[in-house]
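The block underneath contains the structure these notes are about, expressed in structure tokens.
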Amino acid sequence: MTVALTVCGCDEVVVGFEDVTGGEETRLRALHDNGVELNGTRFNGTRFNGTWFNGVKLISASISEGTTKSSLSGWSLVPGTSELQAYGSKGLLYRGADLAGARLQWLVDDGGKEPVSAQLRIVAVTQSASLPDIYFTDIDVRINEGKWESLCSDGAGVPTSAIVVPGYFDLATADWRPGEHGELAFACRGTAAGKCLEWGYRMWAKHGGVSLGDHYRACTRMVRADYCGNNVAHTENGTPIDISDGLSPALLTPETDWQIEAKWGPHGAVCLNQPRKLDHTRAAVVAECEAAGRGKLPTCGDDDPAEYGGLLVSQAEPS
């Protein structure tokens, strides 16, 4: 079942049920693996804040306080972090681990005879040791009276955590959007959306005075080898790539002498040599990008990430 879903009020969530998983995150020495999935959650495109969306209404959001329940509203992120926060019915602020046990419920009308009930529960929240502005939120989901399942799973099907991010993911274009109404979304660890955050490209942060929003967007395109920025991946989960950027100081620097594959901007590759997978020829990808309205991709020259307006560089041993 695929359902578009939103939650609303001061607590809207736009949700889409889609049974997808992301590539398992691994590191090969200082290298990084790529993957084909964008954010890998069963609730793709989940947003908070608003009123109605595609016929979906938030029924309740609550947390237990001893023997009573307190409703929750005003969902947002602690500024400069991915730590979720909300207000209880008595004005008490819950943030991060305080929200463990919170439940949210919707009724989703997908055109069937009976509305579908969707529930989320926050299981636990932990802070990243390496990037303290990142928080990992363990979330379960249940459809109707079915079993509870992890919202996120890695490439091996093992439950994993979500990172709550500002904005939302456009399911048609696979683009991250900052949002206009305080929207929030989930990025599963081990997917392109999650990996790029843990590699340092947090869209809410600045580095050397530079906002990292476009670096994040470029990174999600790069991980999926979405050369044309048209939501078409040209890779396989687990393919190693070497990543670097032009930030000062750089967040990631080259670790190999592999050939430059491509340079990347927020809309895809800005130049391309040999794609990382040999079953995709450069000529075929260039033709695809021209057909998508991106123009003719030039070849990459020097190792400067800023060539052709690029932000990131990927190096690969074609396989």
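Note that these values count all heavy atoms, side chains included, but never hydrogens, waters or copies made by symmetry. Because the structure is predicted, anything quoted here is derived from the model rather than measured.
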Check [X] against [Y] and note the closest heavy-atom contact, atom names and distance.
X: A316; Y: P240; result: CB-O, 4.5 Å
X: K195; Y: G190; result: CE-O, 3.1 Å
X: I243; Y: M222; result: CG2-CE, 3.5 Å
X: Q274; Y: K277; result: NE2-O, 4.0 Å
X: A262; Y: A269; result: CB-CB, 4.3 Å
X: A292; Y: C228; result: CB-CB, 4.5 Å

Under the side-chain contact (heavy atoms from CB on, under 4.5 Å) rule, collect the residues that match up with [X], sequence neighbours excluded.
X: L92; answer: E65, Y94
X: A124; answer: D138
X: S128; answer: S130, L131, I134, F136
X: S71; answer: S89

Is there a side chain to side chain contact (heavy atoms under 4.5 Å, CB included) between Y135 and V164? Walk through the geometry before answering.
CA-CA 8 Å; Y135 286 77; V164 186; over 6 Å; no

Under 4.5 Å between any side-chain heavy atoms of [X] and [Y], yes or no?
X: F169; Y: T220; answer: no
X: M203; Y: L212; answer: no
X: W204; Y: L77; answer: no
X: S64; Y: K69; answer: yes
X: L272; Y: V285; answer: yes

So, does [X] use its side chain to make a donor-acceptor pair with the main chain of [Y] at under 3.5 Å?
X: H267; Y: R217; result: no
X: D226; Y: N230; result: yes
X: N144; Y: G146; result: no
X: N231; Y: A172; result: yes
X: T235; Y: R224; result: no
X: D245; Y: L252; result: yes
X: N273; Y: C300; result: yes
X: R221; Y: C219; result: no

Which residues share a side-chain hydrogen bond (donor to acceptor under 3.5 Å, both in side chains) with [X], sequence neighbours left out:
X: Y216; answer: none
X: E317; answer: W258
X: T126; answer: none

Please determine whether residues [X] and [Y] belong to a single hydrophobic cluster, defined as Ile, Leu, Val, Met, Phe, Trp and Tyr linked transitively by side-chain heavy-atom distances below 4.5 Å.
X: V223; Y: L247; result: yes
X: I241; Y: L251; result: yes
X: L99; Y: Y87; result: no
X: L311; Y: V270; result: no
X: I260; Y: L312; result: no

Salt bridge (Lys or Arg N to Asp or Glu O under 4.0 Å) contacts in which one or both residues fall within residues 286-312, not counting sequence neighbours:
K263-D302, K263-E307

Provide the full list of salt bridge (Lys or Arg N to Asp or Glu O under 4.0 Å) pairs with a residue in residues 83-106, sequence neighbours left out, each pair given once.
E83-R95

Test question: given the 4.5 Å side-chain rule for I, L, V, M, F, W and Y, name all other residues clustered with L278, or answer none.
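Joined to L278, directly or through intermediates: none.
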
Through direct or indirect side-chain contacts below 4.5 angstrom among Ile, Leu, Val, Met, Phe, Trp and Tyr, which residues connect to W148?
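Hydrophobic cluster check, W148: no partners found.
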
Sole candidate of V123, T160, L120 that passes side-chain contact (heavy atoms from CB on, under 4.5 Å) when paired with L151
L120

What's the separation between atom CD in Q259 and atom OG in S314, rounded to the nearest 0.5 Å?
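Answer rounded to 0.5 Å: 10.0 Å.
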
Atom pair CD1/SG of I163 and C152 - distance to nearest 0.5 Å:
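Between I163 CD1 and C152 SG, I get 9.0 Å after rounding to 0.5 Å.
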
Step through it carefully: locate the ring centre of Y168, locate the ring centre of W176, and say whether they are under 6.0 Å apart.
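Aromatic pair excluded; centres sit 6.0 Å or further apart.
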
Could you go through S62 and L72, starting from their C-alpha distance and side-chain angles, then the distance that decides it, and tell me whether this counts as side chain to side chain contact (heavy atoms under 4.5 Å, CB included)?
CA-CA 5 Å; S62 64; L72 294 170; 5.6 Å; no

Quick one: do D140 and R142 make a salt bridge, cutoff under 4.0 Å?
no

For ring-ring contact (aromatic ring centres under 6.0 Å, His included), just list the numbers for Y227 and W264, CA-CA rounded to whole Å, side-chain angles, deciding distance to a tenth of an Å, and then say yes or no.
CA-CA 8 Å; Y227 301 111; W264 301 85; 5.5 Å; yes

Pairs meeting criterion ring-ring contact (aromatic ring centres under 6.0 Å, His included) with involvement of residues 278-308, two or more places apart
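Qualifying pairs, neighbours excluded: H234-H280.
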
